[in-house]
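Here the structure comes first, spelled out in structure tokens, and everything after it is commentary.
Atom set for the values below is all heavy atoms of this structure, side chains included, hydrogens, waters and symmetry mates excluded.
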Amino acid sequence: MRACLLAFCLYGEDCCDNNKEQRGPALSCGAERGGGMGAAQARLWYREPAHEWEEALPIGNGRLGGMVYGGIKRERIQLNEDTLWSGPPQDGNNAEAKRYLEQARLFVADARYADAQKLIEEHMLGPWNESYQAMGCLELELGHGAKVEQYRRELDLGDAVCRVSYAHKGIAYSRETFVSAADQVMAVRFSADRPGVISLEASLTSPLPFQVGRGEGSRLVLNGQAPDHVEPHFIQAEEVVFFGDQSGMSFTIQLQALHQGGRMERHGGRVVVRDADSVVLLLAAATSYSGFGQAPGQTDHDPEVRCGQRLDAAAGLPYGELLSRHLQEHKRYFDRVSLVLDGAEELDEVPTDERIEAVRAGKTDEQLAVLFFQYGRYLLLASSRPGTQAATLQGIWNELTRPPWTCNYTANINVQMSYWLAETCHLSECHTPLFDMMEELAVTGSHTARIHYGCRGWVSHHGIDLWRSATPSGGPTKGSASWAFWPMAGPWLCQHVWEHYLFGGDLDFLGERAYPLMKGAALFCLDWLTEDQGGHLVSSPSTSPENSFIAPDGSIAAVSMSSTMDLSLIRELFTNCLEAATCLGIDSEFCEELQLALPRLHPLRIGRHGQLQEWLFDFEEAEPGHRHTAHLYALHPGRQITPQGQPELAEACRVTLERRARHEGEDAIGWCYAWLISQYARLGDGAKAHRYLIKLLGNPFPNLLNAHRHPKLTWYPTTLEANLGATAGMAELLLQSHDGCIELLPALPDAWSAGRIAGLRARGGFELDIEWSGGRVIRARVASTRGGICRIRSKQALRLAAAADASSLEQAGDLLSFDTVSGQCYVLERNEERDKDENCQA
């Protein structure tokens with residue numbers, strides 16, 4: 001046992017020290033944070049209102065979300081609440097599945113792969129996921145025409161406020177909209193540079209069955225009903241949205257208008273304000289969701305009561321205080337990280353949609369990359385906060401009753417990609433809703449593991465919803481096993497709790513939350529593995545998510561044994577469990593079980609083309625340019641393959657990516673580009689990573705949200721994992737810490753020759769600011785949150801310029817090591833003398 005060598009190779013102190021992670025404000029070493037990103041990079045802005053949902057601007061507090069259109073004569077704000085899903089919970093476990101498992105394994109062992117796949121699709125799947133729902137809209141009729149001058153619509157990322165301004169008949173009008181996490185309401189304020197000119201009519205609507213009535217005082221109250229079940233968008237049937245016995249959840253939206261000057265009236269389902277000096281609208285929303293295992297409405301948490309309480313509290317505060325509380329709460333997260341690229345052309349006077357079009361046409365705009373980076377952080381912060389649901393495929397935003405892919409948590413890449421940025425980009429708290437979901441999923445998944453497969457622990461497949469479905473979905477319409485049958489979501493999700501521990505070092509979190517989840521997933525894997533003829537442990541049946549191969553008999557199949565991704569996930573999970581158990585000083589018998597299993601897993605293999613094999617056998621790919629690169633998990637986000645440690649396997653990963661690129665055609669789409677940025681960053685190839693970043697910057701909708709431009713689709717839905725994954729990838733270009741040390745500028749693109757970033761986090765409890773010029777580090781500041789040894793790798797020589805104790809300093813090649821003290825900052829500067837010596841020797 002390596003006694004947590006990998007887990008805490010950066011920490012320098014005993015990994016089993018019981019110090020808890022100290023979370024608080026970022027430790028600043030003196031560099032600017034969020035305010036240093038520059039006004040141009042902090043805003044999306046436009047010269048006209050949004051006409052489509054894909055042009056509207058997203059706001060949210062993790063629970064309540066809005067898409068703001070910025071209309072002139074009419075305004076619309078589309079609304080979401082993160083617990084509004086179709087359906088009640090149901091037991092989707094398929095008791096028939098276990099009876100066919102052994103037969104499927106025999107088919108696989110006999111190389112009858114297509115037969116195994118057919119058997120799985122006919123007998124071993126479960127029901128479809130339920131669907132995340134659009135809640136409704138706040139509709140506003142404004143008291144003037146649509147012809148205005150000096151129109152501007154913007155989203156300020158640093159403030160999390162959407163603003164609209166224009167002039168009409170010589171009067172300057174403005175409004176600002178935000179969703180407060182501090183007070184759990186949406187606020188919309190209308191003002192003008194003259195008194196008595198604000199007039200509007202406000203109403204509430206919903207795409208679901210609803211009624212609008214009078215609430216307390218002058219409030220409007222919308223009560224609605226979510227469906228009992230919704231068929232996925234790709235199912236063709238006469239009836240696709242079911243209300244039946246109304247077992248779905250109920251929901252409430254409440255609206256209150258506050259005005260200065262003028263008068264306010266209510267007519268039916270409308271609030272009417274005339275000739276006011278200013279107007280503030282406050283909106284609250286809630287559902288009857290009672291928990292993932294309970295039918296909606298089974299507790300006393302009445303949505304009307306909760307809305308009323310939130311409005312009562314917010315209405316008692318002056319608008320200025322509401323705004324101030326919102327700004328303070330948002331900025332304490334957002335302002336932790338700043339990114340500045342020097343020398344790149346400033347295009348702040350060009351609207352965002354025009355900049356996207358220009359990039360699509362081939363124009364260079366590196367500052368758009370900075371905006372995209374901070375937009376990813378903004379989107380995660382707006383859709384995933386402590387105590388909320390995790391971010392879905394579309395974050396918290398959805399306008400449809402039948403959204404694409406049910407707007408669920410797709411766990412064969414998408415939900416994980418959405419959270420890659422959380423630790424490195426200093427939004428660790430935003431990670432916690434994913435952990436909450438995992439703990440609930442472990443409950444439902446334990447039943448699925450037992451009923452479907454006769455295994456201990458817990459299992460989950462690729463599709464997860466609010467009710468924590470753990471079964472392989474697609475059964476009613478015989479979905480393809482290439483995506484439906486993949487029982488490895490648990491091991492991949494467990495990487496996230498382990499990473500959270502590596503970055504923060506909270507031993508209580510490890511023992512109380514992370515390790516039980518990891519152990520449960522590992523127990524399933526131990527039971528899932530079977531012995532092949534050579535005595536190796538193999539996973540069977542096995543798929544490589546969404547991809548297929550050409551079998552020896554010429555058939556196209558997706559099911560075999562021990563796909564490379566399975567091997568990588570299981571090996572990583574077992575290794576992490578061993579390190580965690582050692583840190584906690586527990587589970588020696590379980591550790592022995594893992595230690596016996598690990599060497600019996602097949603090693604990763606290099607195929608006939610020099611590529612990393614995707615399957616245990618060197619099958620030809622049915623789609624050589626397939627969008628998924630699941631078999632490269634060990635390169636990223638895993639840490640089993642690095643250019644320094646496993647150069648041959650790293651080169652095989654490069655060959656794999658090059659083969660994909662030669663055949664990618666139109667199948668590679670936004671989230672693929674985001675993953676490629678990180679994969680090439682891990683290979684140290686900043687040029688290719690930057691190439692895919694530019695492709696991604698030319699891909700999104702006008703509101704900069706990713707467009708899922710897939711050739712098999714006749715329309716392009718929004719999926720946010722590309723936005724969030726690209727932010728994580730850009731951080732990987734500038735800082736990596738997965739390989740036993742902190743590496744500065746490991747894959748810096750030539751286009752980013754000078755700049756600075758502040759507030760990135762590294763494994764081991766370190767926060768870093770980096771300044772560079774000419775592609776070389778000028779200065780780095782390291783803040784230690786836990787103490788211990790800090791190991792820094794850089795392509796150029798550095799020296800420790802200031803430290804509390806430099807006696808521990810060690811230099812070995814490109815690696816610099818020194819002791820740190822919790823709460824102290826350390827400055828590294830370019831060592832020009834050593835640089836000269838090395839250049840002379842070269």
Side-chain angles (χ1 to χ4, degrees), residues 1-24 386 390 416 419-420 422-424 426-443 445-446 457-458 490-526 569-595 598 637-640 737-738 740 761-767 784-789 822:
M1 177 59 60
R2 291 172 293 173
C4 303
L5 177 60
L6 289 178
F8 285 91
C9 56
L10 301 177
Y11 275 40
E13 58 191 75
D14 191 325
C15 68
C16 303
D17 180 39
N18 286 313
N19 288 345
K20 293 180 63 175
E21 175 187 20
Q22 299 298 315
R23 295 302 307 146
Q416 291 93 339
Y419 283 92
W420 286 345
E423 301 298 334
T424 303
H426 220 136
L427 293 174
S428 180
E429 296 90 339
C430 294
H431 223 160
T432 56
L434 184 68
F435 308 154
D436 297 339
M437 184 183 82
M438 290 172 62
E439 289 178 331
E440 296 170 351
L441 193 61
V443 175
S446 65
W458 67 277
W492 194 343
L493 288 169
C494 282
Q495 189 212 33
H496 285 258
V497 291
W498 181 243
E499 288 285 284
H500 184 74
Y501 171 62
L502 291 184
F503 276 87
D506 185 344
L507 205 60
D508 286 346
F509 170 81
L510 179 66
E512 295 168 10
R513 302 198 70 184
Y515 184 71
L517 289 167
M518 294 163 61
K519 181 179 179 179
L523 285 170
F524 169 79
C525 291
L526 285 168
L569 287 168
I570 293 171
R571 182 177 288 111
E572 178 183 77
L573 176 62
F574 286 3
T575 301
N576 293 346
C577 282
L578 285 169
E579 295 173 4
T582 301
C583 290
L584 296 168
I586 59 174
D587 264 353
S588 58
E589 291 185 9
F590 173 60
C591 288
E592 185 176 353
E593 205 175 347
L594 296 175
Q595 288 171 322
L598 268 170
R639 53 182 168 86
Q640 299 167 53
S737 63
H738 63 285
R761 298 175 74 227
R763 294 164 184 85
F766 298 104
E767 299 172 8
S784 175
T785 66
R786 300 192 68 247
I789 295 175
S822 178

- Item | Backbone N/O of Phe590 and side chain of Asp587: donor-acceptor pair under 3.5 Å |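 Not a single qualifying donor-acceptor pair exists.
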
- Is a side-chain N or O of Arg761 found less than 3.5 angstrom from the main chain of Glu423, in a donor-acceptor match?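 Yes, the answer is positive, given that a donor and an acceptor are paired below the 3.5 Å cut-off.
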
Could you tell me whether the side chain of [Y] reaches within less than 4.5 Å of the side chain of [X], counting heavy atoms only?
X	Y	result
Cys583	Leu510	yes
Leu526	Leu594	yes
Glu439	Phe435	no
Pro637	Gln416	no
Leu507	Tyr501	yes
Leu573	Trp498	no

- At what distance, to the nearest 0.5 angstrom, does CD of Gln595 lie from OG of Ser588?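 Answer rounded to 0.5 Å: 9.5 Å.
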
- Query: Rounded to the nearest 0.5 Å, how far does CD1 of Ile570 lie from OG1 of Thr575?
  - Reply: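 Nearest 0.5 Å value for the OG1-CD1 distance: 11.5 Å.
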
- Task: Apply salt bridge (charged side-chain N to carboxylate O under 4.0 Å, His left out) to Arg513 and Asp436, showing your working.
- Result: CA-CA 9 Å; Arg513 302 198 70 184; Asp436 297 339; 2.7 Å; yes

- Message: Pair Trp420, His496 - check side chain to side chain contact (heavy atoms under 4.5 Å, CB included), show working.
- Response: CA-CA 8 Å; Trp420 286 345; His496 285 258; 3.9 Å; yes

- Does Gln640 have any side-chain contact (heavy atoms from CB on, under 4.5 Å) partners at least two apart in sequence or in another chain, and if so, which?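 Gln640: side-chain contact (heavy atoms from CB on, under 4.5 Å) contacts with Ser568, Arg571, Glu572, Ala634.
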
